[in-house]
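Scroll down for the structure; my scribbles are underneath it.
Quantities reported herein were computed from a predicted structural model and do not represent experimental measurements. No hydrogens, no waters, no symmetry mates; every other heavy atom, side chains included, goes into these values.
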Amino acid sequence: QVQLVESGGGLVQAGSSLRLSCVASGRTFNVGALAWFRQDPGKDREFVAGLRWGGGTTRYADSVQGRFTISRDIAKSTVYLQMNNLKPEDTAVYYCAASSFRIVAITTQEYHYWGQGTQVTVSS
């Protein structure tokens with residue numbers, strides 16, 4: 001099992017920045033990729049950004065490309081999501097997810113472990 005704990009959400013104004021963190025623990029040697037998803041009430045959970053834990057590949061949703069950056073610190077077993085120039089439409093609960101596969105998939109079915117989520121609210 002892999003446990004994921006997110007932090008860093010909050011309420012900010014449009015144009016501001018936030019950095020989300022996700023700490024992985026447990027059988028982290030099983031992790032091939034880590035990703036961030038987000039979900040608004042009444043909507044499907046959508047892919048935001050992801051990376052291969054071993055390095056070399058990052059992937060972003062078109063809606064966040066150029067504004068968000070995903071990175072990792074292997075020594076700390078932590079993945080980050082730096083979010084700049086936030087917009088009201090970025091408001092959602094953000095979830096960290098881990099996959100055993102060494103590919104950065106964009107569908108929730110490919111991810112085996114999930115964090116509890118952290119709320120990001122962007123006011124206009």
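- Taking CZ from Phe37 and OG1 from Thr107, the interatomic distance works out to 6.5 Å, rounded to the nearest 0.5 Å.
- Members clustered with Trp36: Val2, Leu4, Val12, Leu18, Leu20, Val31, Leu34, Val48, Leu51, Trp53, Tyr60, Val64, Phe68, Ile70, Ile74, Val79, Leu81, Met83, Leu86, Tyr94, Tyr113, Val120, Val122, by chain and number, using a 4.5 Å side-chain heavy-atom cutoff among hydrophobic residues.
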Test side chain to side chain contact (heavy atoms under 4.5 Å, CB included) applied to Asp90 and Arg67, step by step
CA-CA 11 Å; Asp90 294 319; Arg67 298 189 297 124; 2.8 Å; yes

Criterion side chain to side chain contact (heavy atoms under 4.5 Å, CB included) on Thr91 and Gln119, from CA distance to verdict
CA-CA 8 Å; Thr91 295; Gln119 176 71 47; 4.1 Å; yes

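- When atom types are taken as modelled, the side chain of Tyr111 and the backbone of Cys96 share no donor-acceptor pair closer than 3.5 angstrom.
- Under a hydrophobic clustering in which Ile, Leu, Val, Met, Phe, Trp and Tyr are joined whenever their side-chain heavy atoms come within less than 4.5 Å, directly or via other members, Val104 and Trp114 fall into the same cluster.
- The structure places CD of Glu6 at 4.5 Å from CD of Gln116, a figure rounded to the nearest 0.5 Å.
- How far CD of Gln13 is from OG of Ser124: 9.0 Å, rounded to the nearest 0.5 Å.
- Going from atom OG1 of Thr118 over to atom CZ of Arg38 covers 14.0 Å, rounded to the nearest 0.5 Å.
- For the pair Ser99 (side chain) and Glu110 (backbone), a donor-acceptor distance under 3.5 Å is present.
- Within the 3.5 Å criterion, the main-chain N or O of Lys43 finds no donor-acceptor partner in the side chain of Asp40.
- Nearest heavy atom pair, residue Gln82 against residue Ser17, reads NE2-CB, 3.9 Å.
- Between the side chain of Arg102 and the backbone N or O of Gly32 there is no donor-acceptor pair closer than 3.5 Å.
- Closest heavy-atom contact between Ala105 and Arg59: CA-NH1, 4.5 Å.
- From Asn30, atom CG reaches atom CZ of Phe101 across 11.5 Å, with rounding to the nearest 0.5 Å.
- Interatomic distance, CD1 of Ile103 versus OG1 of Thr57, reported as 10.5 Å (0.5 Å rounding).
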